[in-house]
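Beneath this line is the structure, given in structure tokens, with notes to follow.
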Amino acid sequence: MLSILNELPAGLLQCDARQLIKVLPGPTLIRLAGKRDEVLFISVLLHGNEISGWEALRSILADYHNKVLPRSLCLFIGNVTAAAEGRRCLPEQTDYNRIWKADGSTAEHRLAHEVLTELGGMRLFAAIDIHNNTGMNPHYACINRLDLHFLHLARLFSRTIVYFIQPDEVMSLAMAAYCPSVTLECGQPGETTGVAHAREFIDACLHLSAFPGHVLPDKELDLFHTVATVRVKPDVYIGIAERGTDFSLLPDMDKLNFTELPTGSLFGWSGRQHLPLQAWDEQGREISARYFELYKGEIITRTPVMPSMLSLNREIICQDCLCYLMERLPLAQAQQKYAD
Ligand SMILES: [Zn+2]
């Protein structure tokens, strides 16, 4: 299923995400030699509709046409069949960013295994997996390990950094076993600022000779820890600004992303007897009662929380989740964990 190439196929850089299928038979790994041997790994289009990573990459590769790259690159161009249709993933596929833990048996899990086997044979410098999201979110970087080099890599992209260990089937977590690894969230697909930002970051990584060894000052970044994943219960109808229905989102709910909500904040409406939401902590326990209560048709927060990834897109909410809940993680504590 995986194609492996040692050069860019003719016409590749002329293709936008929807057109890649004309040049690539499917998911493809491309190795390109550069001045420094340790390889920068860049993954794009694990989600076929999240095109900023590919746009940034094709632009930077066009600039290096006929020039030597400052550092060797390995590119993974992921779900080109879903990209051809502008979708996150196709109905018969497993989500390409939920296949990187060695416990599944689908075709997509076998693909992930092949990719990791190839990467395991390389000397890796860093790993970057580039995404977009659907709601209004700032640009931020996610890490799955509280390690100084991971923090430096993430800080190179944004002062907003999210640490999470669930879901644990994501690529950046698998790559964390090999080298400093990040997931970039570059705002919504199609925004030129996200492409420019990803491009700048890739270029900075290509030119970086080593990660600094110094500890980052607290003022330098805002670090958050994902404490829960919120899902809408499976049999629940999702409305937008429809009070009285099973579950209704607030009309501009995605504006709450990365906003600290005080206890008692409105978090949606429900005409049901019981809370239509579930919240799961990193240990897989259902903890919605800690965060939400339903009172006279209003879903109210019970403790200060900060959501991320809220979107008004029903398909994404059903395929993935409603949002994540985060808490601020003091840097000193994080770096102490690193020191331990
Ligand atoms: Zn994504």
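Because the structure is predicted, anything quoted here is derived from the model rather than measured. Numbering of ligands and ligand atoms starts at 1, following listing order.
Around the Zn ion (ligand 1), protein atoms of type N, O or S found under 2.8 Å number 4.
In the model, E185 has no side-chain atom that pairs as donor or acceptor with a side-chain atom of N137 under 3.5 Å.
Relative to the ring axis of F125, R71 places its NZ or CZ within 45° and under 6.0 Å from the centre.
For the side-chain contact (heavy atoms from CB on, under 4.5 Å) with S72, the qualifying choice from L32, L40, V39, L124 is V39, the only one to do so.
Between E118 and R31 there is no salt bridge, since no side-chain N of the basic residue sits under 4.0 Å from a carboxylate O of the acidic one. D320 has a carboxylate O that lies under 4.0 Å from a charged side-chain N of R98, or vice versa, which qualifies the two as a salt bridge.
The six-membered or imidazole ring of Y178 lies away from that of F41, with a centre-to-centre distance of 6.0 Å or more.
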